[in-house]
Amino acid sequence: MLLKLPSAVFWSFKLKTLDTEKCVVTIPYSWRTQNPFKSIYFAALAGAAELSTGALCQLVISGLGKFSMLVVDFRAEYFKKANQTITFTCGQGLELAGMLESLNPEGTGKLTMVSSGKNPQGEEVARFYVTWSFKRKA
């Protein structure tokens with residue numbers, strides 16, 4: 001991650017689970033992630049959420065051939081103060097695989113992937129909607 005995502009290293013993201021169904025990423029509440037309001041900086045939360053969707057995309061793509069991918073839309077909802085370790089989960093691996101497998105060579109597709117961030121008590125702190133665009137290469 002150091003070369004591809006240096007901010008993920010700085011913010012101490014941890015990739016807890018990555019399989020063909022889901023990806024789980026944690027972000028700690030620490031001096032590196034904290035904003036002046038004593039909660040996790042929204043950009044750090046966004047980075048962890050994006051990683052939970054993007055790593056899942058990379059894993060699913062790895063067995064299907066050559067694709068290009070790009071974030072084309074990003075939206076967030078915040079529900080509670082993020083002042084503890086937050087765990088982001090995206091569980092759309094099977095849906096993503098189905099969409100990608102259906103693309104013809106040079107075909108394109110989009111999928112909005114949802115990453116839910118929860119605190120240790122299981123309360124949803126934030127939800128991120130990351131829309132990825134994919135193009136299958138011949």
Roughly how far apart are [X] [atom1] and [Y] [atom2], rounded to 0.5 Å?
X	Y	atom1	atom2	answer
Gln84	Ile27	CD	CD1	13.5 Å
Leu45	Trp11	CG	CH2	9.0 Å
Ser133	Asp73	OG	CG	11.5 Å
Thr26	Phe88	OG1	CZ	10.5 Å
Asp19	Leu56	CG	CG	8.0 Å
Cys90	Met113	SG	CE	3.5 Å

Taking the side chain as every heavy atom from C-beta outward, state whether [X] and [Y] have any atom pair closer than 4.5 Å.
X	Y	answer
Thr112	Trp132	no
Leu5	Leu51	yes
Gln34	Tyr29	yes
Met69	Ile61	yes
Lys137	Ser68	yes
Leu15	Cys23	yes
Ile40	Ile86	yes
Leu96	Cys57	yes

Tyr78-Phe128 aromatic ring centre distance below 6.0 Å: yes
Between [X] and [Y] (side chain of the first, backbone of the second, donor and acceptor by atom type, cut-off under 3.5 Å), is there such a pair?
X	Y	value
Glu123	Lys118	no
Ser116	Arg127	no
Tyr41	Pro36	no
Asn119	Gly122	yes
Arg136	Leu100	yes

Crowding at NZ, Lys16 (>12 non-hydrogen neighbours, <6.0 Å): no
Please answer: with hydrophobic residues joined when any side-chain heavy atoms are less than 4.5 Å apart, are [X] and [Y] in the same cluster?
X	Y	answer
Phe134	Phe74	yes
Leu59	Val25	yes
Val71	Leu103	yes

NZ or CZ of Arg75 within 45° of Tyr129 ring axis and under 6.0 Å: yes
Stacked cation flag Arg32 on Phe10, 6.0 angstrom / 45 deg: yes
Heavy-atom closest contact (Thr53 atom, Glu50 atom, distance): OG1-O, 2.9 Å
Closest heavy-atom pair and its distance - Ala138, Glu106: N-OE2, 3.3 Å
Evaluation steps, side-chain hydrogen bond (donor to acceptor under 3.5 Å, both in side chains), between Gln92 and Glu21: CA-CA 6 Å; Gln92 293 174 265; Glu21 293 183 23; over 6 Å; no
